[in-house]
A.B. asks: 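Provided herewith is a single structure, encoded as structure tokens, for subsequent inquiry.
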2 protein chains.
Amino acid sequence: MPKPQADPTASLGLRVDRGSPVPLYFQLAQQLEAAIEEGALSPGSLLGNEIELAARLGLSRPTVRQAIQSLVDKGLLVRRRGVGTQVVHSQVRRPLELSSLYDDLEAAGQRPTSLVLVNTLVPADAELAAVLGVAEGDDVHRVERLRLAHGEPLAYLVNHLPTGLLDLDTGRLETTGLYRLLRSAGITLHSARQSIGARAAAPAEAERLDEPEGAPLLTMERVTYDDTGRAVESGAHTYRPSRYSFDFQLLARS
Amino acid sequence: MPKPQADPTASLGLRVDRGSPVPLYFQLAQQLEAAIEEGALSPGSLLGNEIELAARLGLSRPTVRQAIQSLVDKGLLVRRRGVGTQVVHSQVRRPLELSSLYDDLEAAGQRPTSLVLVNTLVPADAELAAVLGVAEGDDVHRVERLRLAHGEPLAYLVNHLPTGLLDLDTGRLETTGLYRLLRSAGITLHSARQSIGARAAAPAEAERLDEPEGAPLLTMERVTYDDTGRAVESGAHTYRPSRYSFDFQLLARS
DNA sequence: TCAATCCTTATGTCAGGACAATCGGACTAC
DNA sequence: GTAGTCCGATTGTCCTGACATAAGGATTGA
């Protein structure tokens with residue numbers, strides 16, 4: 001007896017363009033992701049088997065698997081051997097990214113502004129030299145910024161960068177994020193080591209952020225590396241906890 | 001002229017056991033990872049091309065690629081078309097995991113202890129019912145714990161769980177972490193939504209954690225989902241920032 | 001009625017081959 | 001000398017085919 005088990009991908013109008021330079025598996029992954037995002041593939045529904053899907057699209061099974069796997073890695077799908085592939089119905093789907101505060105705020109529609117307080121060269125002390133991988137006493141960029149949202153101070157950002165990577169134009173620092181500057185200088189960001197904590201505001205910090213002395217502050221220290229393992233940035237940030245918190249989603253790795 | 005360009009994987013004594021039920025790509029990935037970890041493959045060195053490696057091990061290229069890709073996903077390797085595969089030389093390699101505070105402390109050799117203050121059933125209020133996906137007024141587990149390290153209070157943990165998933169034995173809660181209990185109950189943890197912030201300690205909180213009133217506290221709120229998208233746990237934790245911070249490594253997703 | 005066994009179905013693993021795209025160095029032409 | 005071009009090396013993409021493994025339901029047996 002033929003099961004009337006509808007394959008939800010059948011009615012999606014999926015198609016791939018073999019003339020496009022975009023890889024086939026990527027085209028498929030994008031279309032599936034869009035379908036999930038807009039609800040055309042409802043959470044919890046089975047996806048219909050890979051073989052059929054491959055046949056329907058005129059693709060090979062490995063290609064289809066590669067597309068599906070990329071969505072599994074993103075946490076959108078779950079595969080079960082012997083059962084099928086299922087749309088996970090998670091509330092939020094924002095993964096933890098290597099993103100800058102600026103981008104985060106902009107995405108949240110907060111219209112962030114930056115005030116560059118300091119943009120200069122300083123000799124690296126021992127600790128800074130160690131994390132950035134330069135010699136002690138070598139010049140490094142030092143940037144201090146105040147990030148505002150809706151005209152209110154939100155965070156105080158101190159960053160150090162090795163010289164020679166990019167030219168830190170104060171004007172551009174005020175209109176965009178540091179990560180975006182790094183990327184547009186041809187640097188491939190690879191990983192970052194972060195530490196998030198809290199402490200009481202020292203007098204100078206308190207004044208900068210318009211908080212009372214001793215108020216709790218959220219702190220983040222970070223070192224960012226490019227794909228060669230070279231440290232490209234180190235930062236020490238303090239946030240007003242009433243205006244900012246770190247929100248993100250974790251995925252269980254396999 | 002033959003290039004005397006030594007393939008560092010040649011001298012590693014790599015071998016796979018076809019009789020083992022462990023997938024071949026996984027065996028290879030483990031051996032490569034071990035070699036990187038112990039320094040046999042030095043940071044920055046090229047890995048030698050996939051074709052040769054496959055031939056040497058008697059594997060097909062897709063299998064070797066799968067092994068390498070898994071290490072790329074972990075951030076240990078970087079591939080460059082036309083160049084080769086390179087060991088990234090990063091300082092730390094701990095990824096951000098879906099791990100419990102208990103496991104983290106244990107891994108750090110801190111010998112954590114737990115004090116279960118409350119372990120009972122309470123009716124879910126509107127907010128809790130919404131995040132856990134139960135009806136308002138339904139009974140849910142409520143667990144309050146104090147986590148100690150070296151006899152000093154470290155964190156105060158409040159968790160809520162739907163009923164019917166597992167039996168929360170107070171004794172086991174004191175000797176292990178909540179995540180481990182969930183996993184051993186056959187629940188596959190899939191993702192978690194986290195929010196990390198800070199605030200001043202209220203009088204009751206301050207006393208529990210042995211901090212002065214108004215002291216800064218690090219806070220974390222979390223909802224954990226299993227692979228069907230069902231919420232299996234929700235927690236509100238407060239940490240003493242002098243004793244704990246969130247340390248982790250982020251990877252740029254492709 | 002209940003438990004063990006078989007069967008179907010789907011994903012997981014692996015092989016071997018082909019061609020394209022890209023990087024970097026060497027070579028060439030101006 | 002300098003810029004453009006070619007070329008070899010290596011990974012990226014894609015194909016076909018095969019068998020293994022696990023999950024779940026159906027069947028069969030006590």
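We name chains A, B, ... by the order of the sequence lines, and we start the count at 1 in each one.
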A.B. asks: When the distance from CD1 of B:I51 to P of C:dA18 is rounded to whole Å, what number comes out?
C.D. replies: 12 Å
A.B. asks: B:L46 CG to C:dG25 P: how many Å, rounded?
C.D. replies: 12 Å
A.B. asks: Tell me the interatomic distance from A:R18, atom CZ, to C:dA20, atom C1', rounded to whole angstroms.
C.D. replies: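 Rounding to the nearest Å, CZ of A:R18 and C1' of C:dA20 are 14 Å apart.
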A.B. asks: Kindly compute the distance separating OG1 (A:T170) from CG (A:N119), expressed to the nearest 0.5 Å.
C.D. replies: 4.0 Å
A.B. asks: Evaluate B:Q69 against B:R79 for side-chain hydrogen bond (donor to acceptor under 3.5 Å, both in side chains), listing each step before the verdict.
C.D. replies: CA-CA 9 Å; B:Q69 186 59 47; B:R79 321 175 84 144; 3.0 Å; yes
A.B. asks: Could you check how far CD of B:E50 sits from C1' of C:dA15, rounded to whole Å?
C.D. replies: 15 Å
A.B. asks: Quick check: on DNA chain D, is the nucleotide nearest A:L24 upstream (toward 5') of the one nearest B:L47, or the reverse? Name the residue that is more 5'.
C.D. replies: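 Closest to the 5' end, via its nearest nucleotide, is B:L47.
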A.B. asks: With sequence neighbours left out, which residue pairs that include part of residues 20-29 of chain B fulfil the side-chain hydrogen bond (donor to acceptor under 3.5 Å, both in side chains) condition?
C.D. replies: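 Found none.
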A.B. asks: B:V232 and side-chain contact (heavy atoms from CB on, under 4.5 Å): which single residue from B:L161, B:L165, B:L132 fits?
C.D. replies: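 Only one option passes, and that is B:L165.
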A.B. asks: Treat primed atoms plus P, OP1 and OP2 as sugar-phosphate and everything else as base, then score nucleotides 16-27 of chain D 5' to 3': B for base contact with protein heavy atoms under 4.0 Å, S for sugar-phosphate contact only, - for none.
C.D. replies: B-B--BBS----
A.B. asks: Without decimals, in angstroms, what is the distance between B:L77 CG and D:dT10 C1'?
C.D. replies: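 Answer to the nearest Å: 15 Å.
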A.B. asks: Please check this pair: side chain of B:T63 against backbone of B:L59, looking for a donor-acceptor N/O pair closer than 3.5 Å.
C.D. replies: no
A.B. asks: In this structure, how many angstroms lie between the C1' atom of C:dT11 and the CZ atom of A:R79, rounded?
C.D. replies: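 Spelled out: CZ on A:R79 to C1' on C:dT11 is 7 Å.
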A.B. asks: Whether the B:S195 and B:R222 side chains hold a donor-acceptor pair (N or O, under 3.5 Å, no angle test) is what I'd like checked.
C.D. replies: no
A.B. asks: Mind calculating the distance between OH (A:Y25) and C1' (D:dT11) to the nearest angstrom?
C.D. replies: 12 Å
A.B. asks: Under a 3.5 Å distance rule, please check whether A:N159 uses its side chain to pair with a backbone N or O of A:R142 as donor and acceptor.
C.D. replies: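 A pair under 3.5 Å: no.
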A.B. asks: Rounded to whole Å, please give me the gap between CG in A:N49 and C1' in C:dT8.
C.D. replies: 12 Å
A.B. asks: Please list, in numerical order, the residues of residues 63-71 of chain B that have a heavy atom closer than 4.0 Å to any atom of DNA chain D.
C.D. replies: B:R65
A.B. asks: For the backbone of A:D169 and the side chain of A:D167, can you confirm whether one donor and one acceptor N or O come within less than 3.5 Å of each other?
C.D. replies: no
A.B. asks: What pair of heavy atoms forms the shortest contact from B:P123 to B:G137, and how long is it?
C.D. replies: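 Closest approach of B:P123 to B:G137, heavy atoms only: CB-O, 3.5 Å.
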